[in-house]
Structure formats: structure tokens, C-alpha cells
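Heads up, the thing below is written out as C-alpha cells.
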Amino acid sequence: MAGALARPSRIPAMRTRRGVRAVLLVAALASVVWPLRPAAASTPNRHQLAGAQTGVLVLVRRLTWDQAAAVAGRHGSPVTAGLVSTLPAGVPLEDRVLSLAAGRQVHADGLRVNEEAPDDVGVAAADRLRAANPDADFGGLPPPRVLAEPGMAATGLLALGAAGAPPPPAVLPASGALLTVPGQLLVVGVADAWGLGRVLGRLESPSPGGGRPRVLVVGLEPPPGRARTAPLLEFLGARLPGGVATSDSTRRDGLVAYQDVRPTLTGLTGSASGTQGAPIRSLPNSDPLGFVGHLDRQVAALVEARGPAVVLYAALSTIAMAVCLAALLLALPRARRPAWAAG
């Protein structure tokens with residue numbers, strides 16, 4: 001009878017431990033790059049983002065989702081929206097750009113762009129970089145023309161090919177139209193949402209009738225509290241409906257990996273050789289900005305809950321270890337107990 005009455009008292013503690021473990025597991029899943037999976041055949045209701053038809057790639061160093069949604073609302077064209085995984089906070093800008101170019105993580109140790117003289121990246125340094133990253137393939141992208149704001153000269157490393165050195169980026173003009181060229185990828189590096197908004201309003205297509213080209217926007221650094229995610233947008237003009245981004249790497253609505261950017265830009269239908277990603281696609285959605293905004297808030301809530309959960313879990317683990325040690329000592333014969341526990 002006493003044993004039967006004692007069992008319910010253990011149930012709250014068991015539930016507490018399980019709850020803490022569940023919170024930690026969800027937070028951990030939110031704080032890493034989503035696992036990459038083998039590519040699967042696309043379904044008829046998807047269209048592939050960008051590819052060879054993309055005229056412009058805008059890389060934004062610091063961009064929150066709220067800022068991205070505000071810029072998209074002002075731009076006034078159908079948009080595909082999502083969150084893209086990033087490298088951890090503190091990783092140099094050079095590593096981030098080169099990892100996009102290669103579709104896998106690249107370390108640019110020894111190759112840091114000098115903002116005062118960005119053409120210092122010579123052939124010898126580029127060859128050392130390729131030798132240090134033998135599994136990375138930097139060729140295959142559409143020929144890029146790079147324009148960069150001050151402080152964003154590292155964006156020019158996207159032009160690193162299979163041989164030689166990347167040409168230095170040109171300075172982004174303060175005003176005037178930014179024309180795309182058929183068969184050429186225009187890459188623009190800006191520091192923040194203000195720079196992004198100024199660029200989007202100046203992009204024009206040289207084709208008959210003008211109009212806006214398709215534009216892919218990729219955030220490079222995770223905003224504080226966003227667990228290695230940044231905004232991703234594709235502005236479609238009037239040719240395609242809006243939607244939410246996904247890929248065969250993540251198979252999650254609204255979530256893609258930074259490794260997916262390279263195969264998206266090359267226009268390949270499957271994973272590229274030496275690349276860990278797959279092309280980004282768009283799933284139809286009537287409110288893509290609202291969908292991704294909700295997803296972004298979920299990520300923020302998970303990250304916020306992770307700190308207290310880790311502290312609580314550590315405290316419970318310490319108590320559990322102490323209880324187990326005490327039980328073990330009590331189970332030993334008195335003669336075999338340590339001197340400090342023999343009393």
C-alpha cells in the first residue's frame with residue numbers, strides 16, 4: 001500500500017525531466033543547419049527559383065526578417081520568401097561569400113580582402129585557397145559582375161573561378177539605373193536593409209519593354225537571436241506567383257540551406273558535383289511574407305527558451321548525479337566507504 005501511494009509522487013519529476021529534454025531537443029534542432037538529404041523529384045506545383053534566368057543576386061550582410069518584409073512590401077512585386085541557414089556568428093565575411101560560391105563550407109584562412117586595395121587577392125593567394133579546400137568547386141557559376149558598397153569588397157570573391165584570381169569588385173554607384181546583361185549575373189553587396197532598398201529601386205532589365213529582372217536576395221549573417229538563419233527573398237516581377245522557399249536539401253516549407261544557393265544560380269536540376277545543396281524551389285502560398293514571419297518568430301522563441309532550459313537541465317543533472325553518488329555510497333559496506341563518507 002505504501003509503495004502504491006508513493007508512485008504518483010515521482011510522476012511530476014519524470015514529466016519535468018522529459019519536458020526539459022524536449023525543449024532542449026527542439027532548441028538544438030533550431031540552432032543548427034538543417035540536415036541535408038538526397039535530392040528528390042520535384043512536384044508539378046513547384047517552380048525552381050532563379051537559376052540561369054536570375055539577373056541579380058544581392059548579398060546583404062546584416063538583415064532581419066522584419067526589415068526584409070518591410071522592403072518586400074515597398075517593392076510591390078510577387079515574392080518568394082524563406083529563411084536560409086548561415087554559418088555561425090563570428091565567421092568572417094570572406095568565408096560566407098566563398099561558401100555560397102562553392103555550395104559547401106569554405107575556410108578563407110590567409111585570404112582576407114583588404115578594403116583599401118581589394119585587388120590584392122592575386123593568383124598565388126587564390127591558388128592557395130583552392131589547394132586548402134580541395135573538395136570545393138568554384139567554377140560553373142554564370143559570369144558575375146560584382147558591385148559592392150564600402151566594407152563589402154569581399155563580395156567580389158563570388159567571382160573566384162576554377163583558375164586565376166577574381167577581378168576586384170567595382171564600387172556600387174550612389175545613383176542611376178543598374179542594368180542587367182543577358183547571360184551575366186549581376187552581384188551586388190550591401191551592408192544592410194537600407195542599402196538593399198536603394199538597390200532594388202534601381203534595377204532594370206535591358207530587354208525590350210524594360211521591366212524588373214528576377215532578383216535573389218540572400219542574408220549572410222544571422223541576426224541576434226535567430227539561431228543561424230537569415231532572410232531569403234526572390235522578387236519575381238509579374239511573371240510568376242509568390243510562394244515560400246524550400247529545397248530537396250531541407251524538405252521544409254520556408255527553410256533552405258546556404259549550400260542551396262550555388263545549385264540554384266547554376267540552374268541545375270539536381271545537386272552539383274562537389275556541392276552539398278540542391279536548387280531552391282517555390283511552393284505556392286497566398287501570404288509568403290506572413291508565413292515566413294511566423295516561422296521567424298518561432299525560431300526566436302525557441303532560441304529564447306534555450307537559455308533557461310539549459311540552466312535548468314544542468315541543475316537537474318547535477319542534483320541527479322549527487323543523488324546517485326549518495327545512493328552508491330550508502331549501498332557500500334561501511335568498511336569500504338571512503339574516509340570522508342564513513343561517518
Side-chain angles (χ1 to χ4, degrees), residues 23 25-43 45-51 57-60 62-69 72 78-89 91 96 99-100 103-105 216-236 241-265 270-272 275-306:
V23 170
L25 177 61
V26 173
L29 290 175
S31 65
V32 299
V33 177
W34 290 277
L36 304 177
R37 304 177 183 178
S42 61
T43 55
N45 67 336
R46 298 180 179 185
H47 71 261
Q48 183 169 320
L49 261 70
L57 170 66
V58 183
L59 301 180
V60 188
R62 295 175 296 273
L63 184 67
T64 68
W65 174 252
D66 289 342
Q67 292 170 340
V79 64
T80 290
L83 299 178
V84 58
S85 70
T86 70
L87 295 175
V91 171
R96 298 180 188 277
S99 296
L100 289 183
R104 61 190 304 137
Q105 186 167 1
L216 183 62
V217 177
V218 180
L220 295 177
E221 296 182 356
R226 287 307 187 267
R228 293 176 61 178
T229 61
L232 179 137
L233 298 170
E234 187 196 29
F235 295 95
L236 304 163
V244 296
T246 188
S247 76
D248 292 332
S249 296
T250 64
R251 296 181 184 176
R252 299 167 188 260
D253 294 0
L255 302 175
V256 300
Y258 74 83
Q259 295 96 325
D260 298 332
V261 173
R262 174 184 162 81
T264 300
L265 294 175
S271 294
T275 298
Q276 296 175 336
I280 302 171
R281 296 183 174 88
S282 178
L283 296 175
N285 188 289
S286 60
D287 183 18
L289 297 180
F291 181 93
V292 178
H294 177 70
L295 188 63
D296 181 69
R297 290 190 293 274
Q298 286 182 317
V299 172
L302 289 170
V303 174
E304 184 176 355
R306 184 177 56 178

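The figures that follow rest on heavy atoms only: side chains count, while hydrogens, waters and symmetry mates do not.
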If every non-hydrogen atom of [X] is compared with every non-hydrogen atom of [Y], which pair is closest and at what distance?
{"X": "L289", "Y": "A81", "answer": "CD2-CB, 4.1 Å"}
{"X": "P222", "Y": "T86", "answer": "CD-OG1, 3.3 Å"}
{"X": "A245", "Y": "L232", "answer": "CB-CD2, 4.1 Å"}
{"X": "A230", "Y": "L220", "answer": "CB-N, 4.5 Å"}
{"X": "A257", "Y": "S85", "answer": "CA-OG, 3.3 Å"}
{"X": "S282", "Y": "T80", "answer": "OG-OG1, 3.0 Å"}

L265 versus L100: any side-chain heavy-atom pair under 4.5 Å? no
Working to the nearest 0.5 angstrom, can you tell me the gap between L83 CG and L295 CG? 5.0 Å
Out of curiosity, L255 CG to T229 OG1, how far, rounded to the nearest 0.5 Å? 8.0 Å
Sequence neighbours excluded, which residues qualify as side-chain contact (heavy atoms from CB on, under 4.5 Å) partners of A68? L63, W65, P231, L233
Return yes if some donor-acceptor pair links the side-chain N/O of [X] with the main-chain N/O of [Y] below 3.5 Å, else return no.
{"X": "T64", "Y": "P223", "value": "no"}
{"X": "S247", "Y": "D260", "value": "no"}
{"X": "T246", "Y": "R281", "value": "no"}

Report the residues that fulfil side-chain hydrogen bond (donor to acceptor under 3.5 Å, both in side chains) with Q105, sequence neighbours left out, ordered by chain and then residue number. none
